[in-house]
Number of protein chains: 2
Amino acid sequence: MEALLNTIRHFIPLTEADAALIRQLFKIKQLSKGQYFVQEGYTCKQVGFIQQGLVRYFLNKDGQELTYEFGKEGEFICNYASFLDQSVSDESIQVLEDTSLLVISFDDLQTFYKQVPAGDRFGRLIVESIFVRAKKQLASLYSEPPEVRYRQFLQLYPDIQQRIPQYYISSYVGVKPPSLSRIRKRLAQS
Amino acid sequence: MEALLNTIRHFIPLTEADAALIRQLFKIKQLSKGQYFVQEGYTCKQVGFIQQGLVRYFLNKDGQELTYEFGKEGEFICNYASFLDQSVSDESIQVLEDTSLLVISFDDLQTFYKQVPAGDRFGRLIVESIFVRAKKQLASLYSEPPEVRYRQFLQLYPDIQQRIPQYYISSYVGVKPPSLSRIRKRLAQS
DNA sequence: CAATTCCGTTCACCTGGGTTAATAAATCAG
DNA sequence: CTGATTTATTAACCCAGGTGAACGGAATTG
């Protein structure tokens, strides 16, 4: 819970009363490997904060699962497109390891916005940060070849590389597993 | 000006007083072909609404201009990442034809938010819509080959295809000009 | 422990885009 | 209108990734 408070404090100041409210509104949620935080076809009803664990975001293209993002400890997870207007999600967030989350419901988040003075500001900053993140990924896809994207992935997630199957990484990088194998081989012998 | 009001009414209802305020806050701005709405290294100080004309968004990768988006009549243009926190922009928006805009400054937009009851809601909906747009483009880059992306571009911008150089389109599609030529050739003979 | 499933790598072959350069076509400026 | 510049196409060659399949090793399961 302290990690959550510190992360929020990274964006806005919190009084003790604010912190107490946050402790009330966020609930512990455990998901085991393979379970979904949001599933395609359902509505994203919560925002989560990862205390421990790992998730992947993916979308479905003609039956193919395209993993385009990961989430790790200390990060918020949510399909905001579905959450913000409580519409049906067209993508999924799946847990890759047993994961421990703190979650807040849509309604409780409105309470947070009402009662915490800088709450709206926090909400705006979070949405902005995920938007900037999406833009960065777009820029990377446009400008970097797969090999560079793989190296950047290793920098971004140095630890989790051995905790998950390679084919999730290959999807993130934008290639098929055999091609990632070749990239890894090229990098190893240089 | 009516086009702007109707576009806003597409998101929220407006009273006559709201409309009058909007008419005051938005100013006419003319840009001629080649000029910039925002330039890399400068701050985006306005949001624009295109009355007539065409723009491209691009980012700079080692001297290469990567065009990743277009804007046309009836659309808002802005580098929100730069505008929202008034920071230096890392990308540019350039006018591809003589273009007539209605623009609102950062400060005047705050006035709009304060005085129009549903103003904040409008702001949120706009930011959401550009976020969803970015996500769609990300999904398209991940899931569609260049040929499909080119066909989708033609559907999205049926008119402007002959008004701009092909190399902006090839960049948007994610390939080099010779490759777009080959794609066009393949499509023509099928 | 054995059997099965899953996963990463490798191979051979194919396809499509990158690159460079030449040419043709279109646009622009004087 | 003409010469100069810009832009689009084409050609030849190269290279990286896709595909389908086979293999071996790891992990799972009964």
Side-chain angles (χ1 to χ4, degrees), chain A residues 32-35 54 56 58 61-68 70 94-98 140-154 157 160-190, chain B residues 32-35 53-54 56 58 61-68 70 94-99 139-154 157 159-190:
Chain A
S32 41
K33 186 173 173 173
Q35 288 190 299
L54 194 58
R56 70 177 179 120
F58 70 93
K61 171 67 182 176
D62 307 329
Q64 287 231 354
E65 293 184 355
L66 300 174
T67 297
Y68 67 90
F70 299 99
Q94 186 187 31
V95 153
L96 296 177
E97 298 176 341
D98 294 358
S140 168
L141 278 174
Y142 263 109
S143 60
E144 310 291 1
E147 183 169 323
V148 174
R149 287 176 49 74
Y150 178 62
R151 280 198 269 109
Q152 290 173 347
F153 166 83
L154 293 182
Y157 301 96
I160 69 170
Q161 195 240 336
Q162 48 272 54
R163 305 195 308 206
I164 62 174
Q166 295 291 324
Y167 54 78
Y168 292 146
I169 302 175
S170 80
S171 173
Y172 173 87
V173 167
V175 297
K176 304 287 174 181
S179 183
L180 182 61
S181 259
R182 292 187 278 239
I183 289 171
R184 286 159 60 82
K185 196 176 187 179
R186 286 200 302 261
L187 290 182
Q189 66 195 23
S190 67
Chain B
S32 41
K33 186 174 174 173
Q35 287 190 299
L54 193 57
R56 71 178 177 117
F58 71 92
K61 170 67 181 176
D62 307 329
Q64 287 232 355
E65 293 183 354
L66 300 174
T67 297
Y68 67 89
F70 298 99
Q94 187 187 31
V95 154
L96 296 177
E97 299 176 340
D98 293 359
T99 291
S140 168
L141 277 174
Y142 264 109
S143 60
E144 309 291 0
E147 182 169 322
V148 174
R149 286 175 50 73
Y150 177 62
R151 280 197 269 110
Q152 290 172 347
F153 166 83
L154 292 183
Y157 301 95
D159 43 332
I160 70 171
Q161 194 240 336
Q162 48 272 53
R163 306 195 305 202
I164 61 175
Q166 296 291 324
Y167 55 79
Y168 292 145
I169 303 175
S170 79
S171 174
Y172 172 87
V173 167
V175 297
K176 304 288 176 182
S179 183
L180 182 60
S181 260
R182 291 187 280 237
I183 289 171
R184 286 159 58 83
K185 196 177 187 178
R186 286 200 301 263
L187 290 182
Q189 66 195 23
S190 67

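Note that the structure is a prediction, hence the values are computed from the model and not measured. Chain letters run A, B, ... following the sequence lines, proteins first, then strands; residues in each count from 1.
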Just call it for B/S181: base, sugar-phosphate, or nothing, with non-hydrogen atoms closer than 4.0 Å on any strand. base
In this structure, how many angstroms lie between the C1' atom of C/dG8 and the CZ atom of A/R184, rounded? 8 Å
Take B/P165 and A/P178, find for each the nucleotide of DNA chain D with the closest heavy atom, and name the residue whose nucleotide sits nearer the 5' end. B/P165
Tell me: CG of B/L180 to C1' of C/dT19, nearest whole Å? 16 Å
Between B/Y150 and B/R184, do the side chains contain a donor N or O and an acceptor N or O under 3.5 Å apart? yes
Would you mind reading off the distance between A/E147 atom CD and C/dG17 atom P, rounded to a whole angstrom? 21 Å
Please give me the minimum heavy-atom distance between B/P146 and B/I183, naming the atom from each residue. CB-CD1, 3.9 Å
Taking the six-membered ring for Trp, are B/F70 and B/Y172 closer than 6.0 Å centroid to centroid? yes
What's the spacing between A/I160 CD1 and A/L154 CG if we round to 0.5 Å? 10.0 Å
Roughly how many Å is it from OH in A/Y167 to P in D/dA26, rounded to a whole number? 17 Å
Proximity to the side chain of B/K33 - top-ranked nucleotide from C/dT10, D/dT10, C/dC28: C/dC28
Please tell me if the side chains of A/V95 and A/L54 come closer than 4.5 Å, counting only heavy atoms from C-beta onward. no
For the helix from C/dC1-D/dG30 to C/dG30-D/dC1, figure out the bend between the end axes, five pairs an end, and round to 10 degrees. 50°
Is it the case that the ring center of A/Y157 lies less than 6.0 angstrom away from the ring center of A/F153? yes
Rounded to whole angstroms, how far apart are CD on B/Q166 and P on D/dT7? 12 Å
Nucleotide D/dG18, atom C1' - distance to CD of A/Q64 in whole Å: 11 Å
Out of D/dG17, C/dG17, C/dC11, whichever nucleotide has its closest atom nearest the side chain of B/I183: C/dG17
Tell me: CZ of A/R186 to P of D/dC15, nearest whole Å? 12 Å
Send over the distance from B/R182 CZ to C/dT20 P, rounded to a whole Å. 14 Å
Taking atom CD of A/E65 and atom OH of A/Y168, what is their separation to the nearest 0.5 Å? 6.5 Å
